[in-house]
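Each remark here refers to the structure printed beneath this line.
Start at 1 with the first residue, then count along the sequence. Only heavy atoms go into these numbers, but all of them, side chains included; no hydrogens, no water, no symmetry mates. The structure presented is a predicted model; accordingly, all values stated were derived computationally and were not measured.
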Amino acid sequence: MKADVQVAVIGGGIVGASVLYWLAKMGWTDSVLLERRELTSGSTWHAAGNTTYFGPYPKMTALFAGSIRTYLQAEQESGQSVGFHQTGSLRLAATERELELFHVYASRYSELGIPFHIRSPEEVAKLHPFIDISPIFGAAHTPTDGHVDPTGATNALAQAARQLGASIERHCPVGGISPASGRWVLETPNGRVTAQNVVVATSFWAREMLAPLGLNLPLYPAQHHEIITQSLPQVAALETELPAMRDSWVSCNVRQERDGLLIGIYEKEPEFWALDGIPPDFKEELLPPNIDRLMPHLERLMERMPLFADAGIKVANNGPFCMTPDGLPVVGPVPEMDGLWLATGFNVGIGTGGGSAEILARWMTTGQPPQGLDAIHADRFGNDMDRGAALKSIRDVYARGYQLPESI
């Protein structure tokens, strides 16, 4: 194992692997990724893999676009499939106001070079025959996005980074981080690692990991349910894969999973997990599901997509993922701690991880912060937000689900 490096990346999920990859692409190959278990062991392994282009803020949309580009680029360089399904996606307009906002966004997508169409309800029905279009006002259609296999994408990034000269150490948990003579010292069971720069990409572990340094990161694990249905003959009979659907009224996303459906729910009454500390032996595990809590959303989905009413539930996954008080990731340098960088707080790590990693790697290698991305900077919360205030904000953000801002 490398004992003295330019960069140590802690965390082997989609974000950490993306950071290692982009640093190596930009010439910083004297880098090592340290993963406590296996690659994807955090929240990446149970992610749905959705990669959307839709977003109300152009800079964040650029991160979505950068993520898809990153995964496909790593696939080409490594030979490892990322399992990209270019199904496109539909963001339903449940209100007239949402449809108006879609028209506002259209010019921005043109500037970004991303195909973006506003579809009438009748056009929505042709693209997705199982949606009840009678209550909707239309949809925003981004035909070139879709979803990836999270494990395949992570391994493609890891393999491409290795080919460039970076290294990866699995089963190598970091037990402590401390500054020493202008560098950082990481304690691991496999020996001490000294690094000029450290990138913490450990999702909901980051809060506890950095607390001994006096940092108070408002990052907490929230429970998130995904449901996979049994096979449906109507879906199996399709000649092409359904576009993903996102709906603020139901507060869910739905995409095709083989011959069934995969549904991600954003609950109005979200629950947290392990607020007093992540269990030290927690690994690739899920939490007990609570279908009763989901029923108001599932009942609405039956109205929006009557096909779902006939679907049997095959799997109900409840997994923790990391949330911040504003729902956006935490990316960039830690103030007054030279060489310590954050890439954490991702609740849509697959969707924005690759693009965020490119931004961070460019920041690290050039010393120039990105323009117009203050919303994700690591210093935006300060260091004095108490837990109650952070949890209240996270609940509010989670409960809003896919609701769009009234002004942008």
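Using a 30° and 60° split on the angle between ring planes, F102 and Y105 fall in the tilted class, from 30° to 60°. The aromatic rings of F54 and Y109 lie parallel to each other, with less than 30° between the two planes, well short of the 60° mark. Classification of the H377-W363 ring pair by plane angle, with boundaries at 30° and 60°, yields tilted.
Side-chain contact between N197 and M364 is present, with heavy atoms from C-beta onward closer than 4.5 Å. The side-chain heavy atoms of V174 and T202, taken from C-beta on, include no pair separated by under 4.5 Å. Under the 4.5 Å side-chain criterion, counting only non-hydrogen atoms from C-beta, E226 is not in contact with E257. Residues L210 and V334 form no side-chain contact, since every pair of their non-hydrogen atoms from C-beta on lies 4.5 Å or further apart. Counting heavy atoms from C-beta outward, I278 and W273 have side chains that approach closer than 4.5 Å. You'll find the side chain of K283 reaches within 4.5 Å of the side chain of E285, heavy atoms only.
Across every non-hydrogen atom of V9 and G16, the tightest pair is CG1-O, 3.7 Å. Nearest heavy-atom pair, T52 versus F64, reported as atom, atom and distance to 0.1 Å: O-CB, 3.0 Å.
Between E38 and H171, the side chains place a donor N or O and an acceptor N or O closer than 3.5 Å (distance only, hydrogens not considered). A donor-acceptor contact under 3.5 angstrom links the side chains of E98 and S248, judged on distance only.
Remark: D374 does not engage K59 in a salt bridge, criterion side-chain N to carboxylate O under 4.0 Å. Taking the charged nitrogens against the carboxylate oxygens, E77 and K25 do have a contact shorter than 4.0 Å, which makes a salt bridge. The pair R97-E100 meets the salt-bridge criterion, with a side-chain N (NZ, NE, NH1 or NH2) lying under 4.0 Å from an Asp/Glu carboxylate O. With respect to the salt-bridge test (charged N to carboxylate O, under 4.0 angstrom), the residues R380 and D326 qualify. Salt-bridge formation is not detected for the pair D396/R400: no Lys NZ or Arg NE/NH1/NH2 atom is positioned less than 4.0 Å from an Asp or Glu carboxylate oxygen.
Looking at Q80, its side chain never comes within 3.5 Å of a backbone N or O of E75 through a donor-acceptor pair. A donor-acceptor pair is defined here as one N or O able to donate and one able to accept, closer than 3.5 Å; no such pair exists between the side chain of D259 and the backbone of V235.
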Exercise. Check the pair W205, F282 against side-chain contact (heavy atoms from CB on, under 4.5 Å), reporting the backbone distance first and the verdict last.
Key: CA-CA 11 Å; W205 280 279; F282 183 76; 3.8 Å; yes
Quiz item: How far apart are the C-alpha atoms of F204 and F321, what are their side-chain angles, what is the distance that settles it, and do they pass the ring-ring contact (aromatic ring centres under 6.0 Å, His included) test?
Solution: CA-CA 7 Å; F204 43 72; F321 71 174; 9.1 Å; no
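Each of T352, V148, L157 was evaluated against I14; a single residue qualifies, L157, per the side-chain contact (heavy atoms from CB on, under 4.5 Å) test. Exactly one residue among N317, L262, L261, L294 makes a side-chain contact (heavy atoms from CB on, under 4.5 Å) with I227. That residue is L294. Checked options R255, Q86, H147, R258; the residue passing with E241 is H147 (criterion: side-chain hydrogen bond (donor to acceptor under 3.5 Å, both in side chains)). Just one residue in the list D379, I376, T324 forms a side-chain contact (heavy atoms from CB on, under 4.5 Å) with V330, and that residue is T324.
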